[in-house]
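Since the model is a prediction, treat every value here as computed from it, not as a measurement.
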Amino acid sequence: MFALNIEERLLAGDKRACARLISMLENRDEEAVSIIKRLFHMTGNAYVIGITGPPGSGKSTLTDRLTKQLRVQGKKVGILAIDPTSPFSGGAILGDRIRMNDLALDKGVFIRSMGTRGFLGGISKATWGAVKVLDIYGCDYIFIETVGVGQSEVDIVKMADTVLMVMVPNMGDDIQAIKAGIMEIADVFAINKSDLDGADKTKLEIEMNLDLNEKSDYRPPVVKVSAIKNEDIDVLLGKLVDHENYQKSTGHLHETRIRNLKAEILQLTEEELLRLIMDRTNKGGLIDDLAVKVEKREMDPYTAKEAIVSLVKE
């Protein structure tokens, strides 16, 4: 009955029901999974934009400005701000939600901070489910703002329809270091804090890196903005919408979503298989016994692995 009420309230656009359902997913509540299963046919309408980039690049302020631009257009926006997990509570530290405090009062905006809970890639395992909740809730756009931890940010590409890479001036050496990784996942580049010296040089360096990839039929635009001064945010939003239109008109959006769904299915399967393995090997202390034997060199790790696989196959 409780779950049914949550479902009805979510469909009625109740923000609290939306927040509650995301919490249930974070806590691996089976009722939440059942609700998503029943309502999954209603998803696929929201457009998902991942916002990533180094710490201190101003991602939260930029997300705030872009959301306000979309609200002027009457769009309903969901924001999933991924924060480092608190070592004390195990939850998100909530820094991003505090920085976007005024948006929380807007009925057309839903903001949620989510802890990474140790998951690699600067995102949360429950983010996939949270995106579905916000989609069902009726959001037109969903922003996923990552923690900003460098190379591991590439995982955002498995969730987003468009990836916005936020950079700041005077990152020349950093661009060289990361170009083989996160430079390749960006669909749109924003150089934030463009009033600082070196913005033009940073833009040139990004453009030069993009010149190396002449085979692609799409070239990511590079836009200079100042989120804190609210300058050229409309230009940046225009480039994001241009990429959305490109994705839809070329069929790439379909390909992107198939790729992302494959990643999600494999992730869910991996989690379940690991849970099954842990359940079986924890009984009788098998995993502990194997680890002790390997440490004593009475057994090698590969043979230990084969013992576990044999047990799971039974």
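Checked for salt-bridge contact, D279 and R275 meet the test: a charged N lies under 4.0 Å from a carboxylate O. Classification of E264 and K158 as a salt-bridged pair fails, no side-chain N sitting under 4.0 Å from a carboxylate O. Ion pair D211/R219 flagged as a salt bridge, since at least one NZ, NE, NH1 or NH2 atom sits closer than 4.0 Å to an Asp/Glu carboxylate oxygen. The pair E244-K248 meets the salt-bridge criterion, since a charged nitrogen lies less than 4.0 angstrom from a carboxylate oxygen.
You'll find the side chain of I144 reaches within 4.5 Å of the side chain of V48, heavy atoms only. Looking at V241 and Y141, their side chains come closer than 4.5 Å, going by heavy atoms from C-beta outward. N45 places a side-chain heavy atom less than 4.5 Å from the side chain of D135. Counting only heavy atoms from C-beta outward, the side chains of I206 and K203 never approach each other to under 4.5 Å. Put simply, the side chain of V166 does not reach to within 4.5 Å of the side chain of T52, judged on heavy atoms.
Here the CD1-CD distance, from I156 to E145, works out to 10.0 Å after rounding to the nearest 0.5 Å. Going from atom CD1 of I79 over to atom CD1 of I51 covers 8.0 Å, rounded to the nearest 0.5 Å. We find the CG-OG distance between D29 and S23 to be 10.5 Å, quoted to the nearest 0.5 Å. In this structure, the separation between CG on N260 and CD on Q267 is 13.0 Å, given to the nearest 0.5 Å. A distance of 12.0 Å separates CG in L210 from CD in E205, rounded to the nearest 0.5 Å.
The closest donor-acceptor contact from the side chain of R65 to the backbone of D234 lies at 3.5 Å or more, if one exists at all. No donor-acceptor pair under 3.5 Å is formed between the side chain of R257 and the backbone N or O of E255. Between the side chain of R297 and the backbone N or O of V294 there is at least one donor-acceptor pair closer than 3.5 Å. Side-chain atoms of T63 come within 3.5 Å of backbone N or O of K59 as a donor-acceptor pair. With hydrogens and angles disregarded, a donor-acceptor distance shorter than 3.5 Å links the side chain of D140 to the backbone of K76. For the pair R71 (side chain) and V109 (backbone), a donor-acceptor distance under 3.5 Å is absent.
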*Does the pair L134 and C18 meet the rule for a side-chain contact (heavy atoms from CB on, under 4.5 Å), with working shown?*
CA-CA 7 Å; L134 292 177; C18 190; 3.6 Å; yes
*Please assess D195 against K224 for the test salt bridge (Lys or Arg N to Asp or Glu O under 4.0 Å), listing each intermediate value before the final yes or no.*
CA-CA 9 Å; D195 52 324; K224 292 193 301 180; over 6 Å; no
*Check against side-chain contact (heavy atoms from CB on, under 4.5 Å), L62 and L164*: CA-CA 11 Å; L62 200 53; L164 169 63; 4.3 Å; yes
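Here the two rings, on H252 and Y218, have centers that are 6.0 Å apart or farther.
By the criterion of side-chain heavy atoms lying less than 4.5 angstrom apart, applied directly or through intervening Ile, Leu, Val, Met, Phe, Trp or Tyr residues, V292 is not grouped with I308; the two fall into different hydrophobic clusters. There is a path of hydrophobic side-chain contacts, each under 4.5 Å, that joins I22 to M42.
Within 6.0 Å of the NZ atom in K15, the count of heavy atoms belonging to other residues, nucleotides or ligands exceeds 12. Atom CG of L268 sits in a crowded spot, with more than 12 heavy atoms from other residues, nucleotides or ligands closer than 6.0 Å.
Between the side chains of E231 and S194, no donor-acceptor pair is found at a separation under 3.5 Å. Under the 3.5 Å distance criterion, with hydrogens and angles disregarded, no donor-acceptor pair is assigned to the side chains of D64 and T67.
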